Amino acid sequence: MSDHVTLFEVGPRDGLQNERVMIRADQKIALIDALSQCGVSRLEATSFVSPRAIPQLADAGDVMAGITRAPGVRYAVLTPNLRGFEAARAAGADEVAVFASASEGFSQANLNCSVAESFARFAPVLEAAEDAKIPVRGYVSCVTDCPFDGSTPPSAVARIATKLMTMGCFEISLGDTIGKGRPDTVYSMLAAVMTELPASVLAGHFHDTGGKAIRNIAVCLDAGVRVFDTAVAGLGGCPYAPGAPGNADTRVVMEWLEEHGVQTGLDADALGHAEAIAKAVRQGAAV
Ligand code: HMG
Ligand code: MG
């Protein structure tokens, strides 16, 4: 096993999108700038989505304009449609992401359209991104369980992941959106996906609602996955997925990996500073 794993920091996006207290742009900028000093190479900063859908991230343009770009850090954003992509490009995003669901119920709740319709919206994003030479990540949500449709068949995840890859995504992040995945269901899902795609293009995105994020990450690590999405101070959730608080905590995953001889390149002290900001921001304190 190679001894390095990339922790893709999603706290400023997946973490903050679910916070009910409105957080100011300058607080988000402070958090992102602190995270960019932690040794992360990829950082999901915000989303260019409907402000009605995610009011907390309505200031995406201001946030992107206000951050101090750190060398070696790739700043990523979510783009559900061409309009979002154009705004992301104007804001100087280094990487964008489209996000599909392996279940119809979550697609309707999250994107207000069917899975098939979501691909029709992603197609122009992939085309424009190719022209602009901006890499596109593809998310698949509800890879083991959906809050609306119940258990997700592994074959559905394999089909959606393969479709995103065929459309031009460079990486597929497999999302346990509501943290209901277990090592056995994650294993079955991954086995199905890996009949189509190699581990080298996969990432694991585990919400820790059920307290199994680390065990699920271990299953993926064993299978060769080397990118995991984590959030500073365990921020996280999705407002359209009832019961989805808490992405896997960056520090918890980092320390667990280090105990197993796997390096992440993160600086624990700098991460502590970012955690303090994350906690203060969450409590509405000034930073
Ligand atoms: P819609 O209602 O079907 O589309 O929404 P629409 O084209 O009719 O637009 C609705 C409104 O949004 C209109 O404004 C548009 O102008 C506006 P209104 O007339 O109501 O004032 N609009 C936009 N505004 C800004 N930027 C845009 C944009 N597009 C339309 N790009 C839509 C479809 C996709 C827009 C909407 O459903 C949406 O924005 N959804 C995003 C939901 C979201 O961000 N969810 C959280 C991220 S996914 C997640 O967390 C899971 C993940 O972490 C992995 C995992 O855990 O599984 C990634
Ligand atoms: Mg998520």
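As a basis for the values below, the full set of heavy atoms in this structure was taken, side chains included, without hydrogen atoms, waters or symmetry mates. Each ligand, and each atom within it, is numbered from 1 in the order the structure gives. Quantities reported herein were computed from a predicted structural model and do not represent experimental measurements.
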Under 4.0 Å, heavy atoms only, figure out whether ligand 1 is touched by the backbone of R13, its side chain, both or neither.
side chain

Donor-acceptor contact present, side-chain S107 to main-chain C113, <3.5 Å
yes

Pair E9, T250: side-chain N/O donor-acceptor within cut-off below 3.5 Å
yes

Part of S50 within contact of ligand 1 (heavy atoms, under 4.0 Å):
both

Where's the contact between V10 and ligand 1, heavy-atom distance under 4.0 Å: side chain, backbone, both or neither?
neither

Can you check whether R83 has an N/O within less than 3.5 Å of an N/O in ligand 1?
yes

Pull out every atom of ligand 1 sitting under 4.0 Å from any heavy atom of P51, numbered as shown with elements.
24 (N), 25 (C)

Would you name the N/O/S atom of D14 that lies closest to the Mg ion (ligand 2)?
OD2

Could you tell me whether A53 approaches ligand 1 through its side chain, its backbone, both or neither, with non-hydrogen atoms closer than 4.0 Å?
side chain

Subset of ligand 1 atoms that lie under 4.0 Å from at least one heavy atom of S141:
51 (C), 54 (C), 55 (C), 57 (O)

Answer yes or no: is there a side-chain heavy-atom contact under 4.5 Å between H4 and R226?
no

Spell out, as yes or no, whether a donor-acceptor pair under 3.5 Å connects the side chain of D3 to the backbone of Q263.
no

Rounded to the nearest 10 degrees, what's the angle NE2 of H205 makes with NE2 of H207 at the Mg ion (ligand 2)? Could you check?
90°

Residues in ring-ring contact (aromatic ring centres under 6.0 Å, His included) with Y139, at least two apart?
H205

Quick look: I54 vs ligand 1, heavy-atom contacts under 4.0 Å, and the answer is side chain

Heavy-atom proximity to atom 37 (O) of ligand 1, best of N18, V49, N110, V140:
N110

Between H205 and ligand 1, is there a nitrogen or oxygen pair with a distance under 3.5 Å?
yes

Applying a heavy-atom cut-off of 4.0 Å, say which part of L78 lies close to ligand 1: side chain, backbone, both or neither.
side chain

Verdict with reasoning, R42 to Y75, per side-chain contact (heavy atoms from CB on, under 4.5 Å)
CA-CA 6 Å; R42 296 169 67 192; Y75 295 87; over 6 Å; no

Element-labelled atoms of ligand 1 that are located less than 4.0 Å from some non-hydrogen atom of H207
56 (O)

For P124, which residues count as a side chain to side chain contact (heavy atoms under 4.5 Å, CB included) partner, sequence neighbours excluded?
L82

Keeping T79 on the side-chain end and A97 on the backbone end, is there a donor-acceptor pair under 3.5 Å?
yes

Do E117 and S114 get their side chains close enough for a donor-acceptor pair, meaning under 3.5 Å?
yes

Using the six-membered ring of F206, assess whether NZ or CZ of K212 lies under 6.0 Å from its centre and within 45 degrees of the ring axis.
no

Ligand 1 atoms nearer than 4.0 angstrom to some heavy atom of R52 are 18 (P), 20 (O), 21 (O)

Heavy-atom gap S101 to ligand 1 smaller than 4.0 Å
no

Could you tell me, atom by atom, which parts of ligand 1 come under 4.0 Å of a heavy atom of G84?
31 (N)

Is there a donor-acceptor pair closer than 3.5 Å between any side-chain N or O of D149 and the backbone N or O of G105?
yes

List every atom of ligand 1 that sits less than 4.0 Å from any heavy atom of D14, numbering the atoms from 1 in the order shown and giving each element.
50 (O), 53 (O)

